[in-house]
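Nothing fancy with the numbering, it's 1 onward along the sequence. It should be emphasised that the depicted structure is a prediction, and the values quoted were computed from it without experimental measurement. Counting starts at 1 for both ligands and their atoms, in listed order.
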Amino acid sequence: LLTPAAHAQRPKPNYDESQVPQFKLPDPLVTSQGKKVSSAKEWQKVRRPEILELFETEVYGKSPAPPKDMLFEVTSVKNDALGGKAIRKEVTVYFSGKKEEPRMDLLIYVPAKATKPVPVFMGLNFYGNHTITDEKDVKLNDHWMRANKDKGIVDHKATEASRGTSSSRWPIEKIIDRGYGLVAIYCGDIDPDYDDGFKNGIHALYNSKQKPAPDEWGTISAWAWGLSRALDYLETDKHIDASKVAVMGHSRLGKTSLWAGAQDPRFALVISNDSGCGGAALSRRRFGETVHVINNAFPHWFCDNFNKYIDKENDLPVDQHMLISLIAPRPVYVASAEDDRWADPKGEFLSVKYAEPVYKLLGTSGFGAKKMPGVNDPVQKQMGYHIRTGKHDVTDFDWEQYLNFADQHFQGS
Ligand code: GTR
C-alpha cells in the first residue's frame, strides 16, 4: 500500500499511554464564535450545521445531492431461504436510472414469519455479498476487488472460492431469529477501494472523470453516500421498517457507518466496530494509526484538505468525538477490541464520552461511563460501548451486543 519511500518515512506507531501528547479538544458545545450552546434549538440550528460542514470540508469531503432518477430492480426473491427462516431478495440500484454502471447490489434477508415491516441492520462488506452467506445461489459479485488470496480473489475478481469467506462476521440466522432483517452491500460497488484519481465508481457519474476539489468527497464519503441511496430504496420496500435502520460497519467501513449516520438523520441507530483512526478514535491522541499514516496509506479515503492536519492534529477544528455528537440524539454504539491497539480502543471510548454532553443537552440518558469499562463488560444507554477480548474483527460477541442494544431502542425491550 505504501510506496517504499513512504514506508521508510512512516513514523513508528506509539502504543505507550505515557507518550500520548497533551491536548485540548474543541468543545462540541461552543460555537465558532465562542458562544456556549445551551439549548437543543441552538445545537440544531447553529452548532450542528457548523460541525457537519467542518467534517465535510476538512475531513471526508462534501457529497453531491442524490441522483434524480435512480432505478431499483429486484433481480431475485427466495421465499424459503435459510431453510425456510427467511425471505431473501437481491436488488440492483442503478444510480443513473439506466441499466448501466455505476450500480450496486443489495442482498436482503428478512424473517419469513414477520407479520409487519421489520427493523434491519445494514452494512457494507469488503469482498461482495456472496461472501457473507453460506447460501451458494446468490449473485457472485462482478466488480473490482482488492487482492486477497484467502478470500478467493483472483485478478481482482471474486471467484466461486470466495463464497461464504466472510460469513463469520455476519451471523444472519441469529439476526433473523432475533426478529431483524439484514441488508448487505459490497463497498466497491459504490467506489472501488483504490487510489485511481477518482475516475471510477460513483465518482465517475458526478465528476466527469475530474479529480474532486480539496473539499469534495473521497471514498469514505462516497461509501456513506451509497448507504443513504440504499436507504432510499429501503423506504420503498414493504418488508422493511425504514424508520428502524441500524447502519453498522467494521474498520474502514465503521468509519463509513459513523459518517453516514452523522450526515443522514434517517439512520435510526449507528454502530462502529473497530473503526479507529478517522472513525471513532480521537486523532489528537496519536495512538496507533495516525492522520499521517492513514493519509499516506489510503490517499483516496479522505478529502485532500485532511492532509493539512498531518502531524498537526491540534490545528483540526474538530476531533472524532464531534463526529459522534452529530449522531445525537440517536443511539450510537462504538466497539473496540483489546488487541486492536492500531485502532486505539481508549481513543474510541473517549470519543463517546466527550460526545455525551451533546446527548445530555438533547435530553437523552447519554453514556454514563466515566472510566473505560472492563473487557467484555458492555455499557448500553443511549450511547453504547464495549471492549472485548481478541483482535480486529467482527465476532458473535459484538453482534450479541448490537442485537441487545437494538432491542432496547427498536423493540422497547
Ligand atoms: C487498515 C487501516 C485501518 C482500518 C483497516 C481496515 O489497514 O489502517 O484504518 O481501516 O485497514 O479497514 O480493515
Side-chain angles (χ1 to χ4, degrees), residues 1-3 6-7 9-15 55 59-61 123-128 131-132 144-151 153 165-166 168-170 184-195 218-224 226-227 247-260 271-303 306-307 309-311 313 319-320 323 334-348 351 387-388 390-395 398:
L1 295 169
L2 292 179
T3 62
H7 203 274
Q9 280 179 6
R10 180 180 153 158
K12 252 183 96 193
N14 174 47
Y15 292 125
F55 275 103
V59 183
Y60 303 106
L124 298 173
N125 56 67
F126 290 74
Y127 294 100
T131 63
I132 75 146
W144 184 95
M145 311 215 162
R146 292 178 83 90
N148 191 331
K149 273 206 222 79
D150 297 342
K151 298 278 177 189
I153 310 303
T165 49
S166 299
S168 73
R169 286 184 174 177
W170 301 96
I185 306 156
Y186 168 51
C187 65
D189 282 0
I190 305 161
D191 194 25
D193 191 4
Y194 72 98
D195 185 20
T219 294
I220 290 175
S221 273
W223 289 336
L227 284 165
V247 61
M248 179 275 182
H250 170 61
S251 205
R252 67 198 66 184
L253 304 178
K255 309 180 206 299
T256 307
S257 61
L258 289 172
W259 181 224
I271 301 166
S272 147
N273 193 92
D274 305 357
S275 61
C277 182
L282 291 175
S283 301
R284 280 170 175 75
R285 279 175 47 80
R286 303 174 59 96
F287 189 101
E289 188 170 33
T290 61
V291 173
H292 183 142
V293 169
I294 205 165
N295 274 315
N296 277 296
F298 304 101
H300 56 297
W301 281 1
F302 300 88
C303 70
F306 196 44
N307 288 313
Y309 306 103
I310 289 177
D311 300 324
E313 289 85 351
D319 210 320
Q320 299 304 107
L323 179 64
V334 170
S336 311
E338 200 179 12
D339 302 339
D340 187 17
R341 295 188 309 158
W342 183 242
D344 186 15
K346 184 168 179 194
E348 296 183 313
S351 273
I387 175 166
R388 62 157 169 77
K391 63 178 173 66
H392 187 68
D393 197 2
V394 191
T395 67
D398 294 320

_Heavy-atom side-chain proximity of Met145 to Tyr194 below 4.5 angstrom_ = no

_Those atoms of ligand 1 less than 4.0 Å from some heavy atom in Trp342_ = 2 (C), 3 (C), 8 (O)

*Side-chain contact test, heavy atoms from C-beta onward, threshold under 4.5 Å: evaluate it for Glu313 versus Arg285 and give yes or no.*
no

*asked:* Please check whether Ser275 reaches ligand 1 - meaning an N/O of the residue sits under 3.5 Å from an N/O of the ligand, judged on distance alone.
replied: no

*Can you tell me if Trp144 uses its side chain to pair, donor with acceptor, with the backbone of Gly188 under 3.5 Å?*
no

*Partner of Arg252 under side chain to side chain contact (heavy atoms under 4.5 Å, CB included), chosen from Asp193, Asp274, Thr219*: Asp193

*Do Asp195 and His300 meet the criterion of a side-chain donor-acceptor pair at a distance under 3.5 Å?*
no

*With a cut-off of 4.0 Å, which atoms of ligand 1 are near a heavy atom of His392?*
6 (C), 13 (O)

*Mind checking whether Ile294 contacts ligand 1 via backbone (N, CA, C, O), side chain (CB onward), both or neither, at a 4.0 Å heavy-atom cut-off?*
side chain

*Check His250 against ligand 1 and report side chain, backbone, both or neither, counting heavy atoms closer than 4.0 Å.*
neither

*Return a yes/no value for Trp301: is any of its N or O atoms, backbone included, closer than 3.5 angstrom to an N or O of ligand 1?*
no

